[in-house]
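Reading through the structure tokens given below for one structure.
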Amino acid sequence: MLDIKRLRADFPILGEQVRGLPLIYFDNAATTQKPQVVIDAQSEYYRHSNANVHRASHYLSSRATEAFEQARENVARFIGAASPREIIWTRGATEAINLVAHSYGRSQLRSGDLILVSTLEHHANVVPWQLLAQQIGARLEAIPLLDDGSLDQTAYLQLLQQGPRLVALTHASNALGTLNPVTEMTRAAQAAGARVLIDGAQSTPHLCIDVQALGCDFFVFSGHKVFGPTGIGALWARESLLETMPPWQAGGEMIEHVSFKGTRFAGLPFKFEAGTPNIAGVIGLDAAIGYLQQFDRSALESHEKQLLARALQLCSDIPGFRSVGNAAQRVSLMSFCIDGMHQQDLGLLLDQQGIAVRAGHHCAMPLMQRLGLAGTLRASFAFYNTLAEVEHFAAVLKQIVLEHQAPARSYSSPSEPNPQSALQPSQGALATEPDIGTKALLQRLDACRDWQARYREIMLLGKDLPALHIAQRNDSNRLHGCESHVWLTVDYREGKLWLQMDSDARVIRGLIALLLALFNGKSPQQILDFDLQGLFERLKLMQHLSPSRGNGLKAIVDAIYQHARSRQDSDSRS
Ligand SMILES: *Cc1c(COP(=O)(O)O)cnc(C)c1O
């Protein structure tokens, strides 16, 4: 029997609180948490063994080298490689794919060749091939998706008839969880004359991997997604294939002999490892896979399956809940939408309850385009998550959705005014006195008990913001740098800026309403003089925005400033 409670104690961060609430971490597909043994292995290495590797004229260096090469053997065994010479250290899955694109792609593929990826790919398994295709004049095509989130195998077989040279395919989708039948797909591709790269970034944390049984030509994964450190990952390929590939990055470590007449390269695996490697990362990754291997992996997997099944079952009761991607075979990850709610708003509200999920396109924009979605919410589970966490998450989500659907009144926050006014402008901060309406609004925000209540107030503001006419919600009015859609139009009349803005996300609509209240009908000088930063700090808005939301707000403010500045410039010129 798995004792999840005991095993959770191995992960110190899982005992942390977020804003006074126990952390519920459901963003494991973005990165996993680290057990103490990984944290210790890295600091022990720096404490006792730090030295550069493969330059063993002293004790520490030979100790470091030994641990470093032992890790390579362990990783080889972990994924079923025939020899440690087949394991190339990289910064992660992304760098491993780039290595293959540069080294194998540029030396073996030609103009007119076909490269196949799938609609499910992470950008890391699309963009390197796109760049390669542009550089050498190859073609890139995507295996289409069926509505249930699985790949269209009939269409795949048809594409194979065009004789692709390379098929680059994810084992499990980071956005929908779909597990692709990679063994069969690999066999079919190879029969059609293609080499096959499998992106194992999302499968390695959940399944036992045996690259020889998969039969692929290349396999890549990232350490930080299998409970190891960031900045380390690996590429696997058979020795005979790696031997035919030229080096891609050049420098120390990858050479055997260098003179100005020419250079002889080192053998495998060092030929592909230029420069000082991430030694601590390798040692941490070794500790992570050692940690994983003490468990019966199939028991971990069935626990994860239970988490997913429970989440789907409980959430299906929530009004408007729609699971996105329902392939029969998948890893423990739930991608979903709530009708009528923006995923960014939901992500923020869940975050306020200490629940970490991911909202957005999940680095799979072509997939979102195919699904006709701007993004989804993703709750991705690891074996250290519990049924109790899933139940709490579902209950909180339900409450958020019901509250959203209730009349606006439920958002108001009766509370005592704060004598230590967060909204009192600091000396000289307001070159422009806000008008009466804006003052009242700022006072209302000020009266909020805490920042959660303030956010609710801001969401309410968004409800009252007039919608921008559909014709103006066009590409030329769209701001970039925001994960949600934001449109801005600017009029300049009698020395004053008149802004209209809209967004598809409610929190952003609220923030926009606040900005409009402050800036509309003001002169460029008044806008530029206003201490917005100071106001946001006093409102404690920035520190509670997610990074993507914070960047979005910055992009909006920057766009307004840019308009104000260019008006000021043209006025001073005329
Ligand atoms: C995370 C991820 C990658 C990229 O991994 P990095 O660690 O960022 O290099 C590639 N593919 C998939 C499927 C992923 O989930």
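One is the number of the first residue; the rest follow in order along the sequence. Each ligand, and each atom within it, is numbered from 1 in the order the structure gives.
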Salt bridge check: are Arg378 and Asp27 linked by an N-O gap of less than 4.0 Å?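 Yes.
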Should we say atom CE of Met368 is surrounded by more than 12 heavy atoms from elsewhere, each under 6.0 Å from it?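 Above 12, so yes.
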Supply the atom-to-atom distance Asp152 CG to Leu146 CG, rounded to the nearest 0.5 angstrom.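 Asp152 CG to Leu146 CG: 4.5 Å, rounded to 0.5 Å.
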When the side chains of residues 213-225 are checked against the rest of the protein, which donor-acceptor pairs come out under 3.5 Å, sequence neighbours left out?
unit_1: Asp217; atom_1: OD1; unit_2: Arg195; atom_2: NH1; d: 3.2
unit_1: Asp217; atom_1: OD2; unit_2: Gln190; atom_2: NE2; d: 3.1
unit_1: Asp217; atom_1: OD2; unit_2: Val196; atom_2: N; d: 2.7
unit_1: Ser222; atom_1: OG; unit_2: Ala93; atom_2: N; d: 2.8
unit_1: His224; atom_1: ND1; unit_2: Thr31; atom_2: OG1; d: 2.7

Of all residues at least two apart in sequence or in a different chain, which pass the salt bridge (Lys or Arg N to Asp or Glu O under 4.0 Å) check with Arg478?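 Once residues adjacent in sequence are excluded, Arg478 has no partner under the salt bridge (Lys or Arg N to Asp or Glu O under 4.0 Å) criterion.
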Sub-4.0 Å heavy-atom environment of ligand 1, residues by chain: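 Residues within 4.0 Å of ligand 1: Gly92, Ala93, Thr94, His122, Ala124, Thr170, Asn174, Asp199, Ala201, Gln202, Ser222, His224, Lys225.
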Sequence neighbours excluded and cut-off under 3.5 Å, please list the side-chain donor-acceptor pairs for residues 35-47, or say none.
unit_1: Gln36; atom_1: NE2; unit_2: Asp40; atom_2: OD1; d: 2.9
unit_1: Gln42; atom_1: NE2; unit_2: Ala280; atom_2: O; d: 3.0
unit_1: Ser43; atom_1: OG; unit_2: Ile39; atom_2: O; d: 3.4
unit_1: Ser43; atom_1: OG; unit_2: Asp40; atom_2: O; d: 3.4
unit_1: Tyr45; atom_1: OH; unit_2: Asn50; atom_2: OD1; d: 3.1
unit_1: Tyr45; atom_1: OH; unit_2: Ala51; atom_2: O; d: 3.3

